[in-house]
**Q** 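One structure, pasted below without further comment.
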There are 2 protein chains.
Amino acid sequence: MNHEEARTRLLDAAGRLFYERGIQAVSMDELRAASGVSLKRLYQCFPAKHDLVEDYLLRRDARWRAELADYVARQARTPEDGPLVVFDWLHTWFTAPDFRGCAFINAFGELGAVSDAVTRAARHHKLAVLEYLTDLVRVLPVRDPAELAGQLVLLVDGSITAAAMTGAPSAALRARTAGAILVAAAATTTAATATAGPDASPAPVSAPTPSG
Amino acid sequence: MNHEEARTRLLDAAGRLFYERGIQAVSMDELRAASGVSLKRLYQCFPAKHDLVEDYLLRRDARWRAELADYVARQARTPEDGPLVVFDWLHTWFTAPDFRGCAFINAFGELGAVSDAVTRAARHHKLAVLEYLTDLVRVLPVRDPAELAGQLVLLVDGSITAAAMTGAPSAALRARTAGAILVAAAATTTAATATAGPDASPAPVSAPTPSG
DNA sequence: TACCGCCGAGAACGATCGTTCTCTAGACTA
DNA sequence: TAGTCTAGAGAACGATCGTTCTCGGCGGTA
C-alpha cells in the first residue's frame, strides 16, 4: 500500500468515525481497524492524533464548502437564487442518515477549550462560509451585502443546530423562509428583485433601528 | 458539611469546570479539589460521573432560562419588546469573560453520540427555549406565532454559535436586527405594531413563498 | 475509658488510550 | 543463497481516569 493511499484511507476513516461519534470517543486502534492501515504506518502518516484531527477538519471544511458551492452553482436558476438555494442544500444534508450537526461546532464544543488547532480550524470554516455567502449576496441589489450575509449565516448555523438536536430537517425550510424575508428587507429597490422569481418579496422593508 | 451543601458545591464546581473546559476534560479528582468535597462523598451524591453530568445540564438549563426570563421581564418596556430584548440579554451573556458558547450544543457535540441522557437534556433545553419564545411572540399580532418563534430560535442559536467561535458579541446585535425584521414581516397589521415603539418596522411585508 | 460508626485522605485497582517497541516474515539485491 | 531492509501484527509501556478500598482519626455513647 502506497503512503498516499494510507493517508487517504486514514482520513476517510477519521472523517466517518470522528463525525459519527466524536473525536475523543474514537481510539487510534479503531482508526487502524477501520482504515486497514497498520499502527506503524498510521504514526508515519500522522505523528500524533491531533495531527490527524487537524487534517480531518481541514479536509472536511474544503469538501463541505465545495459540495455546497457545487450544489448552488447547479441548482440556482438565477444568481439571485443563490443565497436561498443554500438552504435547499442544507435540507438535503439534514436528511442524510449520518447527519449529526456541524463537525466544527461539535469539535469546538469538545476540544475548543483545550486545542488551539481545533479552535483555529472551526473559526476558519465559519469565516470561509461567511465569505462565500457574502459573495453570493453581492450579486443582489442590497445596501449592505456583508450585513445580510452575516444575518444569513446566523440562520445557517441556527438551522444546523436545530436540525441536529431535534432531528427535524424542516429547520432548513424555516431558515429558508426567514432568509427570504431578510433578503427582501435588505433590497434597495423593488424593481431589481422582480427578476428573482417567486422567491422575491413583493414589498421590501427597511431594517428597523434597534432601541436597546 | 451537609449532604445538601456537598451537592451544591459539587454542582457549582461542575458548572464552572464542565462549561469552561468540556466534560471529558475534567476529571473526578479535579471536581473533588475544586469543590472541597471528598471523593467518597462525591460518589455518595453522584454514583457515577454521568449522573453529575446530567444534573449539571438540568441545573444549567433551569438557571439559564430563568436568567433570560428575569432579564426580559425587567427590561422589556412593553410586551411587544420581549422577543427583541432576548437578544439584548444574549449580548450581555456574550460579553461575559467566561462565555464559551451554548453548554448544550457543546455537550451534544462532545457526548451526544454516546450518551442518550446528554442528547435528551440538550433537546429538552432547546425545546424549552422555543416554547418560551413562542410565549413571548404570542402577545404580538402575528399570523403564526410558532413559526415566528421558530425563526427567532434560529437567530438565537446562530448568534450563540457565531459569538462563541469568532469571539465577537456583536453577533447578538446582528441577530437582533434580523429578528426585528422577521417580527415585522410576521405582523398581521401595520397599526398593531405602531405601539411597539422605535423597534417596530415601518412597513411589514408578507412572507415570500419558497420556490424550491 | 472502651467501643462503635462515620468521615476524609489518598492509595489502589482495573480499564482505556496514545504511543513505542519487538518480533517475524517477506521482498529486494549482490 | 546470504544479507539487508521494510512492513505488519501485536505486545508493551506509561499515563490518565473512573471507581473502590484501606487506614487512621474523631465524635458520640455506655
Side-chain angles (χ1 to χ4, degrees), chain A residues 1-57 106-107 109-118 121, chain B residues 1-57 106-107 109-118 121:
Chain A
M1 189 193 311
N2 196 351
H3 179 86
E4 210 53 38
E5 185 186 339
R7 252 189 89 91
T8 302
R9 285 165 75 159
L10 284 167
L11 285 170
D12 285 348
R16 186 158 28 88
L17 295 178
F18 284 163
Y19 180 67
E20 272 177 13
R21 311 221 310 268
I23 292 170
Q24 297 182 91
V26 177
S27 70
M28 297 297 264
D29 201 60
E30 281 180 283
L31 288 166
R32 175 200 57 79
S35 65
V37 172
S38 76
L39 219 44
K40 180 181 261 181
R41 264 272 247 267
L42 197 168
Y43 278 95
Q44 281 172 358
C45 294
F46 302 96
K49 190 182 185 182
H50 62 254
D51 296 315
L52 182 51
V53 170
E54 198 169 342
D55 279 21
Y56 149 68
L57 290 175
N106 293 349
E110 189 176 354
L111 295 169
V114 278
S115 164
D116 278 346
V118 166
Chain B
M1 189 193 314
N2 196 353
H3 178 86
E4 210 53 39
E5 186 186 339
R7 251 188 89 90
T8 303
R9 287 166 73 158
L10 284 167
L11 285 170
D12 285 347
R16 187 158 28 88
L17 295 178
F18 283 164
Y19 180 67
E20 272 178 12
R21 312 222 310 267
I23 292 170
Q24 297 182 90
V26 177
S27 71
M28 297 299 263
D29 200 60
E30 280 180 284
L31 288 165
R32 175 201 57 79
S35 64
V37 172
S38 76
L39 219 45
K40 181 183 260 178
R41 265 271 246 269
L42 196 167
Y43 277 96
Q44 280 171 359
C45 294
F46 303 95
K49 190 181 186 183
H50 63 254
D51 296 314
L52 181 53
V53 170
E54 197 169 343
D55 279 21
Y56 150 67
L57 290 175
N106 293 348
E110 189 176 354
L111 295 169
V114 278
S115 164
D116 278 346
V118 166

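Numbered from 1 within each chain, the chains take letters A, B, ... in sequence-line order. As the structure is a prediction and not an experimental result, all values here were calculated from the model.
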**Q** Using the test salt bridge (Lys or Arg N to Asp or Glu O under 4.0 Å), find all partners of A/Glu4 that sit at least two apart in sequence or belong to another chain.
**A**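 Per chain and number, A/Glu4 pairs via salt bridge (Lys or Arg N to Asp or Glu O under 4.0 Å) with no residue.
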
**Q** Expressed in angstrom and rounded to an integer, what is the separation of B/Tyr43 atom OH from C/dG8 atom P?
**A**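 These atoms are roughly 16 Å apart.
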
**Q** Taking DNA chain D as the partner, which of residues 8-28 of chain B come within under 4.0 angstrom of it by heavy atom?
**A** B/Val26, B/Ser27, B/Met28

**Q** From A/Ser27 OG over to A/Lys49 NZ, what is the distance, rounded to the nearest 0.5 angstrom?
**A**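 The NZ atom of A/Lys49 is 7.0 Å from OG of A/Ser27, to the nearest 0.5 Å.
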
**Q** Among all residues two or more places apart in sequence or in another chain, which pass the salt bridge (Lys or Arg N to Asp or Glu O under 4.0 Å) test with A/Glu30?
**A**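 Salt bridge (Lys or Arg N to Asp or Glu O under 4.0 Å) list for A/Glu30, sorted by chain: A/Arg21.
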
**Q** How many Å lie between CG on A/Leu42 and P on C/dC17, as a whole number?
**A**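 After rounding, the gap between these two atoms is 15 Å.
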
**Q** Apply side chain to side chain contact (heavy atoms under 4.5 Å, CB included) to the pair B/His50 and B/Leu111, showing each step before the final yes or no.
**A** CA-CA 10 Å; B/His50 63 254; B/Leu111 295 169; over 6 Å; no

**Q** Pairs in or reaching into residues 109-118 of chain A: which pass salt bridge (charged side-chain N to carboxylate O under 4.0 Å, His left out), with residues at least two apart or in two chains?
**A** none

**Q** So, using side chain to side chain contact (heavy atoms under 4.5 Å, CB included) as the criterion, who are the partners of B/Phe46 when residues are at least two apart?
**A** B/Arg7, B/Leu10, B/Leu11, B/Asp51, B/Leu52, B/Asp55

**Q** Could you state the interatomic distance from CE (A/Met28) to CG (A/Leu42), rounded to the nearest 0.5 Å?
**A**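 Result: 4.5 Å between the selected atoms.
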
**Q** For the helix from C/dT1-D/dA30 to C/dA30-D/dT1, what angle separates the axis at the start from the axis at the finish, each from five pairs, in steps of 10°?
**A** 30°

**Q** What pairs with B/Ala34 under side chain to side chain contact (heavy atoms under 4.5 Å, CB included), at least two apart in sequence or on another chain?
**A**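 B/Ala34 satisfies side chain to side chain contact (heavy atoms under 4.5 Å, CB included) with B/Ala13, B/Leu17 only.
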
**Q** Compare all side-chain heavy atoms of A/Glu20 with those of A/Val26 and state whether any distance is below 4.5 angstrom.
**A** no

**Q** Under 3.5 Å between N/O atoms: give me all the protein pairs with nucleotides 6-12 of chain D, atom names plus distance.
**A**
from: D/dG8; atom 1: OP2; to: A/Ser38; atom 2: OG; distance (Å): 3.2
from: D/dG8; atom 1: O6; to: A/Lys40; atom 2: NZ; distance (Å): 2.9

**Q** Within this structure, what is the CG-CG distance for the pair A/Leu31 and A/Leu39, rounded to the nearest 0.5 Å?
**A** 9.5 Å

**Q** Between A/Asp29 (CG) and C/dT19 (P), how many Å, whole number?
**A** 13 Å

**Q** Identify, with sequence neighbours excluded, every residue that meets side chain to side chain contact (heavy atoms under 4.5 Å, CB included) alongside A/Ala107.
**A**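 Scan of A/Ala107 (side chain to side chain contact (heavy atoms under 4.5 Å, CB included), adjacent residues dropped) gives A/Ile23, A/Leu57, A/Val118.
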
**Q** Give, ordered by number, those residues of residues 46-55 of chain B having at least one heavy-atom distance below 4.0 Å to an atom of DNA chain C; if nothing qualifies, reply none.
**A** none

**Q** Can you name the side chain to side chain contact (heavy atoms under 4.5 Å, CB included) partners of A/Arg9, sequence neighbours left out?
**A**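 With sequence neighbours excluded, A/Arg9 shows a side chain to side chain contact (heavy atoms under 4.5 Å, CB included) to A/Met1, A/Glu5, A/Ser35, A/Val37, given in chain and number order.
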
**Q** Considering only residues two or more places apart or on different chains, which pairs with a residue in residues 3-40 of chain A satisfy ring-ring contact (aromatic ring centres under 6.0 Å, His included)?
**A**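 Qualifying pairs: A/Phe18-A/Tyr56.
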
